[in-house]
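What follows is one structure encoded as structure tokens, with my remarks underneath.
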Amino acid sequence: MLILSQPAAHLKPTPLPGSQRSWRPAGAALRYTSRLRKLCQPIAMRASQFLISTLKEAPSDAEVTSQKLMLRAGMIKKVAAGIYTWMPMGLRSLRKVEGIVREEMNRAGAIEVLMPAVQPAELWQESGRWAFYGAELLRFKDRHERDFVIGPTHEEVITDLARRELRSYRQLPKHFYQIQTKFRDEIRPRFGVMRGREFTMKDGYSFHANFDDLKREYQNMYATYSRIFTRLGLAFRAVAADTGSIGGTGSHEFHVIAETGEDDIAYCPDSDYAANVELAEALTPAIQRPAPAQTLVKVATPGVKTIEEVSAFLKVPASATVKSVVVEGEDGKPVLLLLRGDHELNEIKAGKLAGLKSPLTFASAESLRAAFGAEGGSLGPIGFAGRVVMDRAVAVMGDFVTGANDDDHHFTGANIGRDFPEPDVADLRNVVAGDPSPDGAGSLALCRGIEVGHIFQLRTKYSEAMGCKFLDEGGREQVMEMGCYGIGVSRILGAAIEQNYDTRGIIWPAAIAPYQVVICPVGWGKSEAVRQEAAKLYDVLVTAGLDVILDDRDERPGVMFADWELIGVPHRITIGDRGLKEGLAEYQGRRDPEATKIPVADIAAFVRSKVLA
RNA sequence: CGGGGAAUAGCUCAGCCUGGUAGAGCACUGCGUUCGGGACGCAGGGGCCGGAGGUUCGAAUCCUCUUUCCCCGACCA
């Protein structure tokens, strides 16, 4: 009914899929070869056949640059919190990252497998992680009421595979990897693909007859990861890391350096040293503790609680104050930790102190009152009878300010030894910029990083728990040594953008741009000459093996330029009547301030050299 | 988990206080004019105003519940 009511002019013949628009240059031969190439070279594309879905405004819930740009460029679409569809444009980049990772993993001697995303609970119960892993592990039951999980990682499945398949030292070492979708039910998914719940990860697991061989493979992966991130065109740093909840010893994280990173990294500009701030050692200062010069004075500090307030009220720098942190000991008694006022407690380091409750637990207000006779904000070591541990930086302080264990009072001129007993000394704080590098090569600087890779020496944590054993040369049964190696494939795209963008949009590193080259014909719909030149150039570049897209949407130049700059294609060629009259085309690299005029006859070779550069 | 905010067209938002059957910009469709940096005019299509209940003659608007999303916090003496 609707159709019948429409004027006949609205009824146009529907073009067949893949058919050319009527104004495409005629000629059976050209059409034939072009279609043939399309089959042989599926990477090349005409924009009118592709899906370009750019947005002028980013959805309001997007927070960080990479997320906004990926949404605006139409690379991803949000489906639920932390869950995205990869749009055609984004998928091309994702596949390129996967391709590089796969190539280098294969080159390094690892072999690819594909494990299930859904895993039976039994395996997780066997490793002990069913109970240990929290709500991040998405669990569900099937119709038979059997428990399953959606895999956040695959140690259990691969160890199960290895114990079934590998029985002899002759079969070792083996390194299996996969590129696969993981699910972690993050408390607060954010930053688009950088902290999604569903994400693509390359995870590899190696099995060895002895520790030395594990260490050899660890080095192999260290080198492989460095090669991968170099090929991806990212500025990165390998940092020594805490082994965290996964367990094991020996671990490096690979971080892409970016302002918006979620991790703090301490590195030495003068050496290779780099470590997660949580792990970087704060050395003992190379100075002696000064002799006491002031007398101990108790001063009223009404309403003054925080270090900033104390510092402002008494007009002393925060570095001349000592702050008190009270945690619970194994026996439930409070333990006082002393830190310089301007330093932060490192809970990982503190948690490793002997005799403390694990995990590290801060004392309650009631127990503070009972043990110190004062509230938080007025606590200090003087007069406290329990155990006290001070940071290395505190150990060299004299004449400092600290809480008086009396509400609204502080001491000035406090000194260790004279005013309270000499406490134990430990490394309790986060390093700060300017601290000496632990490798002695200079001083530390801090930066933010996005973790895109992680390598672990797992040792026998899982093989032991799950009975993954082999027979050695002597016929003795031994537990395998294991390593595991992860790369956040989808996160890499977000990280790459955080590192490479401008006001116009994304600036993809060449290796992972969805297309290498875009041809923008100005006046496609009305100029036969433009169509011919553009189509010819397109065919030449496709034949040359370049990853090229021809923007035949017949949009105005401003729209085309804005779209492709947003999408971040590295190389753009503009062809228009104006230039053709003089035999010229234009080339503009994504980072170039303006276009360069190049003779039409040379443009293909010119672009080719740019792409290969 | 605690606290705050939001939910209206594909996207960004207005309307809500002071109830009266829903708007703008961008996007989309048609026609015309334009045509080298996100064009213009005219004419259109598109929303059970997150869901459920209540108050009312009448609810996007007021009330209750619910769902979803977002933000902040979870180092502090």
Side-chain angles (χ1 to χ4, degrees), chain A residues 2 6-7 9-12 52-63 67-68 71-72 74 77-83 134-135 187-191 278 301 304-310 321-327 334 336-339 341 343-351 360-365 367-369 371-372 374-381 384 401-405 407-408 410 428-430 504-505 520-527 530 554-566 572 574-581 584-586 588 594-595 597:
Chain A
L2 181 72
Q6 296 292 320
H10 287 239
L11 297 171
K12 289 192 168 179
I52 293 165
S53 56
T54 53
L55 292 171
K56 284 193 182 170
E57 289 175 281
S60 58
D61 54 15
E63 297 167 76
Q67 182 184 14
K68 289 177 184 166
L71 287 163
R72 283 189 55 211
K77 292 282 180 196
K78 182 169 155 179
V79 175
I83 298 174
I187 302 172
R188 211 177 136 195
R190 51 181 155 179
F191 306 151
E278 293 174 338
T301 51
V304 172
K305 298 231 177 260
T306 66
I307 290 295
E308 294 77 51
E309 288 164 1
V310 169
T321 67
V322 166
K323 69 176 161 193
S324 305
V325 180
V326 185
V327 297
L336 176 61
L337 307 179
L338 297 180
L339 292 157
H343 286 157
E344 282 184 350
L345 176 67
N346 180 312
E347 293 190 28
I348 290 179
K349 290 177 180 176
L360 196 66
T361 310
F362 292 100
S364 66
S367 70
L368 292 184
R369 174 60 67 183
F372 292 87
E375 288 180 1
S378 303
L379 304 182
F384 173 62
V401 173
T402 189
N405 293 330
D407 286 344
D408 295 328
H410 281 77
L428 293 177
R429 68 180 176 92
N430 287 333
R504 294 174 171 186
C520 291
V522 176
W524 173 268
K526 63 167 190 180
S527 167
V530 166
D554 196 25
E555 286 287 354
R556 305 169 76 85
V559 173
M560 283 192 288
F561 297 161
D563 274 350
W564 294 111
E565 281 162 356
L566 175 60
R572 184 177 81 211
T574 308
I575 290 178
D577 273 329
R578 219 161 68 182
L580 287 181
K581 276 179 195 143
L584 297 173
E586 287 166 39
Q588 185 164 2
E594 48 193 54
K597 291 191 192 329

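Just the heavy atoms: all of them, side chains too, but no hydrogens, waters or symmetry mates, feed the values below. What you see is a predicted model; the values in this text were computed from it and never measured.
In a base pair of the Watson-Crick type (N1 to N3 plus N6-O4 or O6-N4) or a G-U wobble (N1-O2 and O6-N3), with each distance short of 3.5 Å, B:U18 is matched with no nucleotide. B:A52 is paired with B:U64 under the criterion used here, namely a Watson-Crick or G-U wobble arrangement in which both key atom distances are under 3.5 Å. Base-pair partner of B:C13: B:G23 (Watson-Crick or G-U wobble, both distances under 3.5 Å). With a cut-off of 3.5 Å on both Watson-Crick or G-U wobble distances, the partner of B:C1 is given as B:G73. The partner of B:G58 cannot be assigned: no Watson-Crick or G-U wobble pair with both contacts below 3.5 Å exists in any strand. When Watson-Crick and G-U wobble pairs are counted only if both distances are under 3.5 Å, B:G46 pairs with no nucleotide at all. Using the Watson-Crick or G-U wobble rule with both distances under 3.5 Å, B:G32 pairs with B:C40.
Distance, A:F191 CZ to B:C70 C1': 12 Å, rounded to whole Å. The distance from atom CG of A:L345 to atom P of B:A74 is 14 Å, rounded to the nearest whole Å. For the pair A:D554 CG and B:C35 C1', the computed distance is 9 Å after rounding to whole Å. In this entry the distance linking CG of A:L337 with P of B:C75 reads 15 Å, nearest Å. Taking atom CZ on A:F561 and atom P on B:A39, their separation rounds to 12 Å, with Å as the unit. One interatomic measurement links the two molecules: CD of A:E555 to P of B:C35, which rounds to 16 Å at whole-angstrom precision. As rounded to whole Å, 18 Å separates atom P of B:G36 from atom CD of A:E594. One atom, CG of A:D61, and another, C1' of B:C11, lie 11 Å apart when rounded to the nearest Å.
Not one side-chain nitrogen or oxygen of A:K56 sits closer than 4.0 Å to the OP1 or OP2 atom of B:U12. Considering only side-chain N and O atoms, A:K323 lies under 4.0 angstrom from the phosphate OP1 or OP2 of B:A77. Remark: A:R578 is not in phosphate contact with B:G36, judged by side-chain N or O atoms under 4.0 Å from OP1 or OP2. An OP1 or OP2 oxygen of B:C70 is reached within less than 4.0 angstrom by a side-chain nitrogen or oxygen of A:K78.
The side chain to side chain contact (heavy atoms under 4.5 Å, CB included) check on A:T301 picks up A:V299, A:V304, A:F313, A:L314, A:H410, with sequence neighbours excluded. Applying the side chain to side chain donor-acceptor pair (under 3.5 Å) rule to A:R572 yields the partners A:E565, A:Q588; only residues at least two apart in sequence or on another chain are considered. Considering only residues two or more places apart in sequence or on other chains, A:K68 meets the salt bridge (Lys or Arg N to Asp or Glu O under 4.0 Å) condition with none of them. Take A:K78 and apply the side chain to side chain contact (heavy atoms under 4.5 Å, CB included) test, not counting sequence neighbours, and it matches A:D61, A:Y84. Listed by chain and number, the residues in a side chain to side chain donor-acceptor pair (under 3.5 Å) with A:N405 amount to none (sequence neighbours excluded).
Heavy atoms of A:Q588 sit under 4.0 angstrom from at least one base atom. Contacts of A:G523 with the nucleic acid, taken as non-hydrogen atoms under 4.0 Å apart, are absent. Using a 4.0 Å heavy-atom cutoff across all strands shown, A:S60 reaches sugar-phosphate atoms only and no base atom. A:G380 comes within 4.0 angstrom of no nucleic acid atom, judged by non-hydrogen atoms across all strands. As judged by a 4.0 angstrom heavy-atom cut-off over every strand, A:S378 is placed among residues touching the sugar-phosphate backbone only. At a threshold of 4.0 angstrom between heavy atoms, the contacts of A:R572 include nucleobase atoms, whether or not backbone atoms are also involved. Among the protein residues, A:N405 comes within range of no part of the nucleic acid, since none of its heavy atoms lies under 4.0 Å from any strand.
Taking a 6.0 Å sphere around NZ of A:K597, one finds it holds 12 or fewer heavy atoms contributed by other residues, nucleotides or ligands.
For the C1' atoms, the distance linking B:U33 with B:U21 amounts to 38 Å, nearest Å. On the C1' atoms, B:G73 is 48 Å away from B:C57, given to the nearest whole Å. Atom name P, nucleotides B:U8 and B:A60: the rounded distance is 15 Å, in whole Å. For the P atoms, the distance from B:G19 to B:C26 is 33 Å, rounded to whole Å. Taking the C1' atom of each, B:U61 and B:C49 are spaced 10 Å apart, rounded to whole Å. To the nearest whole angstrom, the two P atoms, one in B:G23 and one in B:G46, are 13 Å apart. Here, B:G4 and B:C16 have their P atoms 25 Å apart, quoted to the whole Å. Between B:C62 and B:A6, the two P atoms lie 11 Å apart (nearest whole Å).
Toward the 5' end of RNA chain B, the nearer of the two residues A:A80 and A:E344, judged by each one's closest nucleotide, is A:A80. Comparing A:G558 and A:L379 against RNA chain B, the residue whose closest nucleotide sits nearer the 5' end is A:G558.
For the pairing with A:P521, the side-chain contact (heavy atoms from CB on, under 4.5 Å) check across A:V530, A:D554, A:D577 returns one residue only, A:V530.
If you take NZ on A:K349 and CG on A:L337, they are separated by 13.0 Å, rounding to the nearest 0.5 Å.
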Nucleotide-resolved protein contact map, nucleotides 2-10 of chain B, B/S/- at heavy-atom distance under 4.0 Å = ---------

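For A:R556, whose side chain is taken as the heavy atoms from C-beta onward, the closest listed nucleotide among B:C11, B:A39, B:C75 is B:A39. Of the candidate nucleotides B:G38, B:C71, B:U12, B:G38 has the atom lying nearest to any side-chain atom of A:D563. Nearest nucleotide to the side chain of A:E586, out of B:G25, B:A39, B:G36: B:G36. Comparing B:G36, B:G37, B:C75 by their closest approach to the side chain of A:E565 singles out B:G37. When distances are taken from the side chain of A:L368 to each of B:G25, B:A77, B:C70, the shortest belongs to B:A77.
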Evaluate the criterion side-chain contact (heavy atoms from CB on, under 4.5 Å) for residue pair A:L345 and A:E347; output intermediate values, then yes/no.
-> CA-CA 6 Å; A:L345 176 67; A:E347 293 190 28; 4.2 Å; yes

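Taking the side chain as every heavy atom from C-beta outward, A:W564 and A:T54 never approach each other to under 4.5 Å.
With hydrogens and angles disregarded, no donor-acceptor distance shorter than 3.5 Å links the side chain of A:S378 to the backbone of A:A404.
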